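Structure first, commentary second.
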Amino acid sequence: AEMQKYLLYNSVEPEELPTLRELSTVEICKIWSAMSRYIYKQLLQKKAVDIGIGSFAVIPTHANVAEGNLLPIERPMFILSKPLKMFYNLESDETKIPEGTPVVQLDFEAIAANTHFRHEILEQCVQETLLCFAGALRDNKEVEFSFR
């Protein structure tokens with residue numbers, strides 16, 4: 001499966017990331033912006049998106065409003081895949097994608113259509129970024145991944 005390649009026994013070496021080396025930071029940000037828009041569109045359609053290391057999904061929860069009243073709300077969340085959590089020994093709350101939510105894979109051709117990048121470049125950039133992320137998990141580094 002997709003996810004297996006993110007279970008790293010060794011640190012990620014720069015030569016494993018040839019696409020990221022070629023792209024500028026601005027280009028990498030553009031690619032992830034396009035990814036972000038694609039994921040957002042899927043979430044609006046009540047779909048979850050599997051990106052290889054886990055899935056983005058809309059999770060029903062509650063917000064505290066005045067006088068301890070609870071308001072049902074939905075919030076987008078990233079749920080790290082279980083094998084990845086086990087492999088890297090990570091603690092996190094048990095969150096499940098709601099029953100009946102369709103889970104879609106990344107459609108790199110559709111994502112690339114809104115950029116000037118070829119979909120192969122886009123796919124390699126995303127996979128190498130996720131490898132970097134997995135490498136940071138493996139080496140116990142702090143990671144900040146921000147999505148609009």
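Here the structure is a predicted model, which is why all the values come from computation and not from measurement. The chain is numbered in sequence order, starting from 1.
- Taking every heavy atom of both residues into account, C132 and L20 meet most closely at SG-CD1, 4.1 Å.
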Handout entry: Derivation and outcome, side chain to side chain contact (heavy atoms under 4.5 Å, CB included), residues R37 and N114
Key = CA-CA 10 Å; R37 283 194 300 274; N114 300 315; 4.2 Å; yes
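- With sequence neighbours left out, the ring-ring contact (aromatic ring centres under 6.0 Å, His included) criterion links Y38 to no other residue.
- With sequence neighbours excluded, the residues that form a side-chain contact (heavy atoms from CB on, under 4.5 Å) with T25 are C29.
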I'd like a table of donor-acceptor pairs (distance under 3.5 Å, sequence neighbours excluded) in which one partner is a side-chain atom from residues 65-84, with atom names and distances.
{"residue": "N69", "atom": "ND2", "partner": "A66", "partner atom": "O", "Å": "3.3"}
{"residue": "E74", "atom": "OE1", "partner": "K46", "partner atom": "NZ", "Å": "3.1"}
{"residue": "S81", "atom": "OG", "partner": "L84", "partner atom": "N", "Å": "3.4"}

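- Listed by first and then second residue, the ring-ring contact (aromatic ring centres under 6.0 Å, His included) pairs that reach into residues 103-125 come to none, sequence neighbours excluded.
- Of the possible polar contacts, one joining the R138 side chain to the Y9 backbone as a donor-acceptor pair under 3.5 Å is found.
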Donor-acceptor pairs under 3.5 angstrom involving side-chain atoms of residues 48-61: please list them, not counting sequence neighbours.
{"residue": "D50", "atom": "OD1", "partner": "G52", "partner atom": "N", "Å": "2.8"}

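- Cluster membership check: W32 shares its hydrophobic cluster with I111, using side-chain heavy-atom separations under 4.5 Å among Ile, Leu, Val, Met, Phe, Trp and Tyr.
- K47 meets the side chain to side chain donor-acceptor pair (under 3.5 Å) test with Q45; sequence neighbours excluded.
- Not a single side chain to side chain donor-acceptor pair (under 3.5 Å) links Q42 to another residue, sequence neighbours left out.
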Exercise for the section: Carefully, step by step, assess E16 and E13 under the rule side chain to side chain contact (heavy atoms under 4.5 Å, CB included). Expected result: CA-CA 5 Å; E16 294 175 66; E13 299 305 321; 3.6 Å; yes
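- Considering only residues two or more places apart in sequence or on other chains, E22 meets the salt bridge (charged side-chain N to carboxylate O under 4.0 Å, His left out) condition with none of them.
- Every residue two or more places apart in sequence or in another chain that forms a side-chain contact (heavy atoms from CB on, under 4.5 Å) with L131 is listed here: Y6, L8, L17.
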Which pairs of donor and acceptor atoms, one on a side chain in residues 89-96, lie under 3.5 Å apart (sequence neighbours left out)?
{"residue": "S92", "atom": "OG", "partner": "K85", "partner atom": "NZ", "Å": "2.9"}

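- Here E15 pairs with nothing under the side chain to side chain donor-acceptor pair (under 3.5 Å) rule; sequence neighbours left out.
- Residues that satisfy the salt bridge (charged side-chain N to carboxylate O under 4.0 Å, His left out) test with D107, not counting sequence neighbours, are absent from this structure.
- Nearest heavy atom pair, residue R21 against residue P14, reads NH1-O, 3.0 Å.
- Atom CG of residue L137 and atom CZ of residue F87 lie 10.5 Å apart, to the nearest 0.5 angstrom.
- Side-chain contact between I121 and L23 is present, with heavy atoms from C-beta onward closer than 4.5 Å.
- Between P18 and E128 the shortest side-chain heavy-atom distance falls below 4.5 Å.
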